[in-house]
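Written out below as structure tokens is the structure these notes cover.
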Protein chains: 2
Amino acid sequence: MKRNTWQRTAVREALSARDGFVSAQELHTALRSAGSPIGLATVYRALSDLAGEGDADSLQSAEGENLYRACVSPGHHHHLICRVCGRTVEIEADAIEEWAARTAAAHGFRDPQHVVDVFAVCDRCS
Amino acid sequence: MKRNTWQRTAVREALSARDGFVSAQELHTALRSAGSPIGLATVYRALSDLAGEGDADSLQSAEGENLYRACVSPGHHHHLICRVCGRTVEIEADAIEEWAARTAAAHGFRDPQHVVDVFAVCDRCS
DNA sequence: AGCGATTTTGACAATCGTTCTCGATAAGCC
DNA sequence: GGCTTATCGAGAACGATTGTCAAAATCGCT
């Protein structure tokens, strides 16, 4: 059974207050400087719960950090991420899904999962 | 100036002796059990040099580890990776390149880089 | 509202991959 | 053979993340 604590709520809200992807540490720092005494481990736990429930989206940055974002459209989609400010656009790409499935099948591979993300610099930052 | 040491050669050879992606640690262990007294830091250095020169390909596993592979076809390409045995197929995908460029441009983003990899289970492992 | 069982929290230690430090070693050049 | 300088390697340092465990908080029930 899952309980509702103010901590989880705080994480959920701090996350949706942001425009792009954030790391757990950043989010923790933000919460702390907003006056919340929340612990770092709790932020990590809350974020991976949210990601597991599909309420948040996660990806790895090029440096290997895990980044999270409040999920707008549920279901499978990909991202176009500004590598300067972190602003994110969700993109649908049925063509990619098909391509991945076809490519895997063509080589005798089963049960394909794919990682497709585009990092670029957005108009505001260039 | 760049020097040729037996350590770099050993890493290069150990890498091309493998069929799929390997982590720096795995490669180090392999070299050690083959009798080489090479150091871990050296393996890391050699691998990132190789990747920088385009002689090796690198990607991040789902767990955030950096994996390397001897590069067969130079130039830009993507991978289909068996998530059980690590066997890898290099795939060309001009369609993806175009799609990424078009998508970025459509949202006003510049200088797009993309991460496109497909993880699945190969015929031998399923 | 009060109680009790059970989750969740948070400070801290532990882990894991990777990078840094720095004295020792060895390539390449004369 | 020497000299200069890049490279090596052992261990410390690091940063992100996860585990530990006692204390605190939540939910269901009365």
Side-chain angles (χ1 to χ4, degrees), chain A residues 1-15 18 20-53 55-69 81 83 86 115 117, chain B residues 1-15 18 20-53 55-69 81 83 86 115 117:
Chain A
M1 172 193 318
K2 184 159 298 178
R3 293 182 179 175
N4 280 336
T5 63
W6 64 264
Q7 286 95 333
R8 277 214 227 283
T9 310
V11 170
R12 204 184 290 262
E13 290 182 351
L15 195 61
R18 293 259 177 165
F21 278 84
V22 222
S23 70
Q25 315 246 12
E26 276 180 281
L27 210 57
H28 177 239
T29 307
L31 284 162
R32 280 301 182 95
S33 37
S36 171
I38 194 170
L40 178 58
T42 305
V43 175
Y44 273 98
R45 280 186 288 242
L47 284 174
S48 59
D49 284 357
L50 287 177
E53 293 161 18
D55 290 339
D57 229 2
S58 69
L59 62 78
Q60 294 182 47
S61 74
E63 295 78 42
E65 252 184 315
N66 275 338
L67 304 181
Y68 296 88
R69 162 155 218 249
I81 303 130
R83 86 170 72 89
V115 181
D117 289 300
Chain B
M1 172 192 318
K2 185 160 293 175
R3 292 180 181 178
N4 280 337
T5 63
W6 62 264
Q7 286 96 334
R8 280 215 224 283
T9 309
V11 169
R12 205 184 290 262
E13 288 182 352
L15 195 61
R18 294 260 176 163
F21 277 84
V22 222
S23 69
Q25 316 245 13
E26 277 180 280
L27 209 58
H28 178 239
T29 307
L31 283 162
R32 280 298 182 99
S33 37
S36 171
I38 194 170
L40 177 58
T42 305
V43 175
Y44 274 99
R45 279 187 287 240
L47 285 174
S48 59
D49 283 358
L50 287 178
E53 294 161 18
D55 290 338
D57 229 2
S58 70
L59 60 79
Q60 292 181 49
S61 74
E63 295 79 42
E65 251 185 316
N66 276 339
L67 304 180
Y68 297 88
R69 162 157 218 247
I81 304 131
R83 86 170 72 88
V115 180
D117 289 301

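So that the names make sense, note that chain A is the first sequence line, chain B the second, and so on, each numbered from 1.
Screening residues 40-50 of chain B for salt bridge (charged side-chain N to carboxylate O under 4.0 Å, His left out) gives B:R8-B:D49 as the qualifying pairs, with residues at least two apart or on separate chains.
The shortest non-hydrogen separation linking B:I81 to B:L59 is CD1-CD2, 3.6 Å. Heavy-atom minimum distance, B:L31 versus B:A14: CD2-CB, 3.8 Å. Pairing each heavy atom of B:A24 with each of B:V43, the nearest pair is O-CG1, 3.7 Å. Contact detail for B:L15 and B:A56: the closest heavy-atom pair is CD2-CB, 3.9 Å. Nearest heavy-atom pair, B:L47 versus B:L27, reported as atom, atom and distance to 0.1 Å: CD2-CD2, 4.0 Å.
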Atom pairs and distances, donor-acceptor, side-chain atoms in residues 33-40 of chain A, under 3.5 Å, two or more places apart:
unit_1 : atom_1 : unit_2 : atom_2 : d
A:S33  : OG     : A:T29  : O      : 2.8
A:S33  : OG     : A:A30  : O      : 3.2
A:S36  : OG     : A:I38  : N      : 3.3

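Straight-line distance from the CZ atom of B:R32 to the P atom of D:dC8: 14 Å, rounded to whole Å. If you measure from atom CD of B:Q60 to atom P of D:dT17, you get 11 Å, rounded to the nearest angstrom. Rounded to whole angstrom, the span from the NE2 atom of B:H28 across to the C1' atom of D:dC8 amounts to 12 Å.
Looking at A:N4 and A:T9, their side chains never come closer than 4.5 Å, going by heavy atoms from C-beta outward.
In this structure, A:Y44 does not reach the D:dT18 phosphate: none of its side-chain N or O atoms is under 4.0 Å from OP1 or OP2.
When each of B:Y68 and A:L40 is assigned the nucleotide of DNA chain C bearing its nearest heavy atom, the one mapping closer to the 5' terminus is A:L40.
Between the side chain of B:Q60 and the main chain of A:S61, a donor-acceptor pair closer than 3.5 Å is present.
No more than 12 heavy atoms of other residues, nucleotides or ligands sit less than 6.0 Å from atom CZ of A:R12.
For the helix from C:dA1-D:dT30 to C:dC30-D:dG1, the rotation axes defined at the first and last 5 base pairs enclose an angle of 40°, given to the nearest 10°.
Taking every nucleotide of DNA chain C with any atom under 4.0 Å from a non-hydrogen atom of chain B, the first and last of them, 5' to 3', are C:dG17 to C:dG28.
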query = Can you give one letter per nucleotide of nucleotides 19-30 of chain D, going 5' to 3': B for a protein heavy atom under 4.0 Å from the base, S for sugar-phosphate only, - for none?
reply = BB----BBS---
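With sequence neighbours excluded, no residue forms a ring-ring contact (aromatic ring centres under 6.0 Å, His included) with B:Y68.
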